[in-house]
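Structure record follows, encoded as structure tokens.
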Amino acid sequence: MTPLTIELVRVAGTHREVGRQMGEAGRERIRHTVETAWDDLPSGRSKADQLALAAEYRAFAAPRLPWLLEELDACAEGAGVEPLELFATSIEEIWYEPYPPRTDGRCSDLVAGPSATADGHLLVAHNNDLRPEAEDEITALEIRVPGDPVVFQLGGIPWLSVGWNSAGLSLTGNELSPNDERLGISRSHQVLEMMRARSLREMVEMAVRPDRASSYNNVLTSADGGVANVEGSATDAEVSDLDGRGHLAHTNHYVAERMLRFEGDTEYAPLSNTRYERACELLAGEPPSSLTVDRLRALLCDHETKPQSLCKHPDLGTPTSKTVFWCVADVTDGKVRYGRGNPCDSVAQEYLFDEYPGREAAA
């Protein structure tokens with residue numbers, strides 16, 4: 001059965017106002033997350049212990065990201081949950097231990113630079129793989145805060161999996177398993193800060209901020225054709241660009257040689273590498289200057305390496321994982337095509353920024 005479309009929630013105002021609006025819009029799901037989180041505590045840790053640890057991260061973030069604390073506290077108020085409990089559920093670094101070694105993947109990115117596309121635009125494609133029931137939680141958010149770029153993001157409320165802003169910036173990427181995590185700014189908060197950036201350089205600086213607790217692999221691009229793949233850990237990072245054919249691919253393990261020592265999930269890395277090598281193979285097989293939005297979506301539909309395929313299905317060998325949403329963005333033009341569920345069986349939706357630097361330059 002064709003999946004339903006993704007709801008678009010629009011919020012606007014001060015950080016407190018948009019936080020409150022997000023909390024009200026996502027009240028049911030936020031309350032469920034907060035109420036059930038304590039069922040999966042790390043062994044030997046009580047709820048009180050977990051909240052005390054979260055309070056340390058909160059105290060660290062408060063003077064550094066005050067606007068974020070204002071937004072999250074208002075979100076908690078709107079949802080009717082305790083602010084510290086909501087904050088605790090947002091810190092990915094403190095929830096790992098209960099989960100078994102992963103075998104089912106998280107996401108895949110494919111980038112085609114201007115030299116690789118049919119119209120000279122920069123295109124970014126992404127599949128997001130999570131537990132099957134997470135598909136119902138995916139929401140699109142448009143956020144308008146005076147003084148900040150307009151943000152369009154996909155994920156849960158208020159959390160971001162991928163996002164774009166009206167300054168011409170795109171953020172996708174992949175979860176990693178760094179072995180050097182520490183107290184600092186959580187990576188799930190870093191990406192929210194990065195959506196406030198106005199240049200690719202500023203975005204990269206935010207990605208490698210020295211006080212981070214850990215890092216995703218951040219795939220960052222801009223309307224002017226700039227690309228920076230930031231493969232990071234808590235204490236190091238490698239920044240790379242497109243290859244000689246104008247392509248980039250990444251999945252959920254460290255690829256850069258200098259970053260291999262930070263791999264914290266050596267059992268899973270070969271499984272991620274199956275998707276990575278397939279993505280590279282698919283991009284390399286495309287004729288020069290030929291890629292389009294439609295063609296990249298077709299590549300996202302690939303099942304060749306099942307069960308570790310780019311397009312994940314529980315009935316193809318990954319019962320605990322599926323592609324819960326996909327997107328292909330024309331970063332040059334500020335247009336995002338996306339859909340709930342698998343790209344091979346999904347209703348395509350589209351978001352277009354009202355004002356965007358790529359279109360202004362073309363005009």
Side-chain angles (χ1 to χ4, degrees), residues 1-11 22 25-26 28-29 104-112 117-119 121-143 150-166 170-174 219 275 279 282 291-304 306-307 309-354 356:
M1 184 170 63
T2 301
L4 299 174
T5 56
I6 296 174
E7 179 186 9
L8 173 59
V9 175
R10 301 178 192 268
V11 297
M22 286 191 286
E28 183 178 343
R29 291 169 185 166
D104 47 17
R106 285 296 182 270
C107 50
S108 306
D109 276 73
L110 293 80
V111 180
T117 62
D119 58 4
H121 286 199
L122 172 62
L123 306 179
V124 176
H126 174 93
N127 269 355
N128 203 281
D129 303 337
L130 293 170
R131 65 191 190 283
E133 58 269 25
E135 184 174 313
D136 293 336
E137 302 171 7
I138 302 303
T139 304
L141 272 173
E142 180 195 80
I143 304 171
V150 177
V151 173
F152 174 73
Q153 65 187 57
L154 296 168
I157 295 178
W159 312 119
L160 175 153
S161 293
V162 295
W164 301 265
N165 74 21
S166 61
S170 167
L171 186 160
T172 59
N174 326 99
V219 179
R275 284 183 290 120
L282 288 170
L291 282 163
T292 63
V293 168
D294 288 339
R295 183 57 185 155
L296 277 174
R297 178 180 176 179
L299 298 188
L300 290 179
C301 296
D302 186 75
H303 304 111
E304 183 67 26
K306 63 183 180 183
S309 52
L310 297 182
C311 188
K312 282 287 194 61
H313 296 256
D315 58 357
L316 294 183
T318 56
T320 61
S321 179
K322 79 178 298 289
T323 301
V324 297
F325 78 83
W326 61 274
C327 56
V328 183
D330 183 331
V331 182
T332 304
D333 203 34
K335 184 182 297 183
V336 184
R337 191 175 299 174
Y338 62 98
R340 184 186 299 279
N342 296 87
C344 64
D345 180 24
S346 180
V347 176
Q349 299 170 252
E350 194 166 272
Y351 180 88
L352 181 67
F353 284 96
D354 295 336
Y356 196 77

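These numbers come from the heavy atoms of this one structure, side chains and all, not from hydrogens, waters or symmetry mates.
- Annotation: side chain to side chain donor-acceptor pair (under 3.5 Å) contacts of Arg337 (sequence neighbours excluded): Asp294.
- Atom CD of Glu135 sits about 6.5 Å away from atom CZ of Arg340, to the nearest 0.5 Å.
- Under the salt bridge (charged side-chain N to carboxylate O under 4.0 Å, His left out) criterion, Glu142 pairs with Arg10, Arg144, sequence neighbours left out.
- Contact of the Val150 side chain with the Asp354 side chain is not registered, since no non-hydrogen atoms from C-beta on lie closer than 4.5 Å.
- Side chains of Leu282 and Glu304 form no contact here, defined as non-hydrogen atoms less than 4.5 Å apart.
- Contact record, Thr332 with His121: OG1-CA, 3.3 Å, taken as the closest heavy-atom pair.
- Glu133 is linked by a salt bridge (charged side-chain N to carboxylate O under 4.0 Å, His left out) to Arg131, counting only residues two or more places apart in sequence or in another chain.
- Applying the salt bridge (charged side-chain N to carboxylate O under 4.0 Å, His left out) test to Asp302 and every residue at least two apart in sequence or in another chain returns Arg278.
- Atom CD of Gln153 is separated from atom CH2 of Trp164 by 9.5 Å, given to the nearest 0.5 angstrom.
- Listed by chain and number, the residues in a side chain to side chain contact (heavy atoms under 4.5 Å, CB included) with Ala125 are Leu110, Leu296, Leu300, Val328 (sequence neighbours excluded).
- The side chain to side chain donor-acceptor pair (under 3.5 Å) search around Asn174 returns Asp109, Asn217, His250, not counting sequence neighbours.
- Relative ring orientation between Tyr356 and Phe353 is described as parallel, the plane-to-plane angle staying below 30° on a 0-90° scale split at 30° and 60°.
- The minimum heavy-atom distance linking Pro158 with Met22 is given by the pair CB-SD, 3.8 Å.
- The distance from atom CG of Leu299 to atom OG of Ser108, rounded to the nearest 0.5 Å, is 11.5 Å.
- Nearest heavy-atom pair, Val331 versus Ser170, reported as atom, atom and distance to 0.1 Å: CG2-CB, 3.8 Å.
- Taking both residues in full, the closest heavy atoms of His126 and Cys107 are given as CE1-CB, 3.5 Å, listed atom of the first, atom of the second, then distance.
- With sequence neighbours excluded, the residues that form a side chain to side chain contact (heavy atoms under 4.5 Å, CB included) with Thr323 are Asn127, Asp129, Lys312, Asn342, Pro343.
- When every heavy atom of Leu130 is checked against every heavy atom of Val324, the shortest pair comes out as CD1-CG2, 4.0 Å.
- Closest approach of Ser346 and Arg297 over heavy atoms only: O-NH2, 3.1 Å.
- Here Ala140 pairs with Ile6, Leu8, Phe152, Leu154, Tyr338 under the side chain to side chain contact (heavy atoms under 4.5 Å, CB included) rule; sequence neighbours left out.
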Practice task
Dump the intermediate steps for side-chain contact (heavy atoms from CB on, under 4.5 Å) on Val9 and Glu7, then the final yes or no.
Solution key: CA-CA 6 Å; Val9 175; Glu7 179 186 9; 3.9 Å; yes
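- Considering only residues two or more places apart in sequence or on other chains, Ser161 meets the side chain to side chain donor-acceptor pair (under 3.5 Å) condition with none of them.
- In terms of the side chain to side chain donor-acceptor pair (under 3.5 Å) criterion, Thr292 has no residue partners (sequence neighbours excluded).
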Exercise for the section: Could you give me the CA-CA distance, side-chain angles and deciding distance for Leu171 and Leu160, then say whether side-chain contact (heavy atoms from CB on, under 4.5 Å) is met? Expected result: CA-CA 10 Å; Leu171 186 160; Leu160 175 153; 4.0 Å; yes
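- In this structure, SG in Cys311 is found 3.5 Å from NE2 in His303, a value given to the nearest 0.5 Å.
- For Pro132, the side chain to side chain contact (heavy atoms under 4.5 Å, CB included) test picks out Pro314, Lys322, with sequence neighbours left out.
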